[in-house]
Asker: 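What follows is a structure written as structure tokens; I'll ask about it next.
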Amino acid sequence: MSNTASKTGSRKTTIVLSAILVLLVLFALIYFRAVPAYRHYYVTHIEYPVYGGMTKELKEGELFSDLQSGKTFCFLGDSITDGTETNGLPWYQALIPYIKGGHSRLSCGGWMVHHLIEQSENIPVSDIYVVAIGINDVIFPWGKYASQTPEEYVSRIEKLTGIILERSPGAKIYFVAPWTFTGDYVQYEERGGQFRSALINWCDEKGHVCINPDPVISRVLKDTGIKDFMKDDIHPNAPDGICLYSYAVLKADLDRKVISK
């Protein structure tokens, strides 16, 4: 009698433990698979308006005109282009609805100009390229692959340009100057300014387009507050930060066009 009761109790315990195990497996599947999948679908399917709205003025820029042209775009860059810290959303997320042609991307967190050169065979063929690379070269000067000086930076940019044009002869290239760094390190601010100036001067000399969004981003951050738009010293947050960066590139391009007249 006691053996029967013991077996019955053991069977019940086994059933309970099995049920708990099944529930744990289901919870794990929901938490680690279903929830991230839903979150990714949600963040990639909602609308991300350009900071301040897409005004008539912004539509007068050269870049916006190219977005509307039906030509294909390729975005090259680092974590800010890759969306490493923003659920996979790139800085240009708010511009995607205005791209009438196809668009592709080659980017990775931590990349410097060196890494894009290494990836030469993987650069997609495209009509127009938007290259936003350099912030990691600026803030990690001790890195094995970093450009040590502004001169080395533009030398590598020139090499990358040759690779792009070999892949897509006749392509148009927009260079985005190294992104804003918001940390309290004077040396990085100075180094960033030097790299931006070097790229702007090189683009002027070679006839390429250089967009410097730093003044626009810095002004908004100063007026509104860093924490509203930045996840850390380097990365914009989502959605506000990436919407600001999209706006800043369009506004800087428009300002560049106005100054050149």
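The chain is numbered in sequence order, starting from 1.
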Asker: Membership question, hydrophobic clusters at under 4.5 Å side-chain separation (ILVMFWY): are Val249 and Ile200 in the same one?
Answerer: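 In one cluster with Ile200: Val249, no.
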
Asker: Are the side chains of Phe175 and Leu199 in contact, using a 4.5 Å heavy-atom criterion?
Answerer: yes

Asker: Could you measure the distance from the OG atom of Ser168 to the CG atom of Asp127? Nearest 0.5 Å is fine.
Answerer: 7.5 Å

Asker: How about Glu166: does its CD atom have over 12 heavy atoms from other parts shown lying under 6.0 Å from it?
Answerer: no

Asker: Group every Ile, Leu, Val, Met, Phe, Trp and Tyr by side-chain heavy-atom contacts under 4.5 Å, then state whether Leu58 and Val216 land in the same group.
Answerer: yes

Asker: Run the ring-centre check on Phe140 versus Trp142 and record whether the distance is less than 6.0 Å.
Answerer: yes

Asker: Linking I/L/V/M/F/W/Y whenever any side-chain heavy atoms sit under 4.5 Å apart, do Leu254 and Val220 land together?
Answerer: no

Asker: Using modelled atom types and a 3.5 Å cut-off, is there a donor and acceptor pairing between side-chain atoms of Glu158 and backbone atoms of Val154?
Answerer: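 Checked: no pair found.
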
Asker: Might you point out which heavy atoms bring Arg167 and Val125 nearest each other, and give the distance in Å?
Answerer: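 Heavy-atom minimum between the residues: O-CG2, 3.9 Å.
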
Asker: In a check of side-chain contact (heavy atoms from CB on, under 4.5 Å) between Val131 and each of Val113, Val176, Leu160, which one passes?
Answerer: Leu160

Asker: Indicate yes or no: at least one non-hydrogen side-chain atom of Cys74 is less than 4.5 angstrom from one of Val130.
Answerer: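 Cys74 vs Val130: side chains apart.
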
Asker: Counting only heavy atoms not in Lys159, do more than 12 sit closer than 6.0 Å to its NZ atom?
Answerer: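 Not more than 12 within 6.0 Å, no.
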
Asker: Answer yes or no: is there a side-chain heavy-atom contact under 4.5 Å between Lys251 and Asp255?
Answerer: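 Sidechains of Asp255 and Lys251: in contact.
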
Asker: Do His115 and Cys108 have side chains that get closer than 4.5 Å, going by heavy atoms?
Answerer: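 No, their side chains stay 4.5 Å or more apart.
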
Asker: Does Ile242 belong to the same Ile/Leu/Val/Met/Phe/Trp/Tyr cluster as Leu250, with side-chain heavy atoms less than 4.5 Å apart forming each link?
Answerer: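 No, it is not one cluster - the side chains of Ile242 and Leu250 are not joined through contacts under 4.5 Å.
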
Asker: Below 6.0 angstrom between ring centroids: does that apply to Phe73 and His103?
Answerer: no

Asker: Under the 3.5 angstrom rule, does the side chain of Thr149 hit a backbone N or O of Glu152 as a donor-acceptor pair?
Answerer: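 Flag set: sc Thr149 to bb Glu152 pair under 3.5 Å.
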
Asker: Would you check if Phe229 and Cys243 make a side-chain contact, meaning some heavy-atom pair closer than 4.5 Å?
Answerer: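 No - every pair of side-chain heavy atoms lies 4.5 Å or more apart.
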
Asker: Are Ser246 and Tyr48 linked by a side-chain donor-acceptor pair shorter than 3.5 Å?
Answerer: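 Checked: Ser246/Tyr48 side chains show no N/O donor-acceptor pair below 3.5 Å.
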
Asker: Would the distance check show the side chain of Gln68 and the main-chain N or O of Tyr98 forming a donor-acceptor pair, the cut-off being under 3.5 Å?
Answerer: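 Side chain of Gln68 to backbone of Tyr98: a pair is present.
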
Asker: Could you pull out the closest heavy-atom pair between Ala198 and Pro150, with the gap in Å?
Answerer: CB-CB, 3.7 Å

Asker: Of all heavy-atom pairs between Trp179 and Arg196, which one has the smallest distance, and what is that distance?
Answerer: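 So the minimum-distance heavy-atom pair works out to O-NH2, 3.0 Å.
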
Asker: Closest approach of Leu106 and Pro124, non-hydrogen atoms and distance?
Answerer: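 Shortest heavy-atom separation between Leu106 and Pro124 comes out as CB-CD, 4.2 Å.
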
Asker: Between Asp232 and Thr182, what is the shortest heavy-atom contact and its length?
Answerer: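 Reported closest heavy-atom pair: O-OG1, 3.8 Å.
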
Asker: Can a donor-acceptor pair be found, under 3.5 Å and without considering hydrogens, that links the side chain of Asp137 to the backbone of Ser147?
Answerer: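 Yes; judged by distance alone, with no hydrogens or angles, the pair exists.
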
Asker: Any side-chain heavy atom of Glu62 sitting closer than 4.5 Å to one from Arg256?
Answerer: yes

Asker: Kindly check if the number of other-residue, nucleotide or ligand heavy atoms within 6.0 Å of CD (Gln187) is above 12?
Answerer: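 Buried by this count: over 12 neighbours within 6.0 Å.
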
Asker: Would Ile234 and Phe195 show up in the same hydrophobic cluster when neighbours are defined by side-chain heavy atoms closer than 4.5 Å?
Answerer: yes

Asker: Is the side chain of Thr86 donor-acceptor paired with the backbone N or O of Leu89 at a distance under 3.5 Å, no angle test?
Answerer: yes

Asker: List the steps and the verdict of side chain to side chain donor-acceptor pair (under 3.5 Å) for Thr81 and Tyr92.
Answerer: CA-CA 7 Å; Thr81 297; Tyr92 59 88; over 6 Å; no

Asker: Should the pair Tyr185 and Phe181 be assigned to parallel (<30°), tilted (30 to 60°) or perpendicular (>60°) ring geometry?
Answerer: tilted

Asker: More than 12 heavy atoms of other residues, nucleotides or ligands under 6.0 Å from CG of Asp223: is that the case?
Answerer: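 More than 12 within 6.0 Å, yes.
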
Asker: Assess the pair His208 and Trp202: is the distance between their ring centroids shorter than 6.0 Å?
Answerer: yes

Asker: We want to know whether Tyr174 and Asp66 form a side-chain donor-acceptor pair, criterion being a heavy-atom distance below 3.5 angstrom.
Answerer: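 Tyr174 vs Asp66: donor-acceptor pair found between side chains.
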
Asker: Determine the minimum heavy-atom distance between Gly77 and Leu116, stating which atoms define it.
Answerer: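 Reported closest heavy-atom pair: N-CD1, 4.3 Å.
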
Asker: Taking Gly110's backbone N and O only, do any of them form a donor-acceptor pair with Asp78's side chain (distance below 3.5 Å, no angle check)?
Answerer: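 Judged by distance alone, no pair lies under 3.5 Å.
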
Asker: Evaluate the side-chain proximity of Asp233 to Tyr188: yes if any heavy-atom separation is below 4.5 Å, no if none is.
Answerer: no

Asker: Considering only heavy atoms from C-beta outward, does the side chain of Gln93 approach that of Tyr245 to under 4.5 Å?
Answerer: no

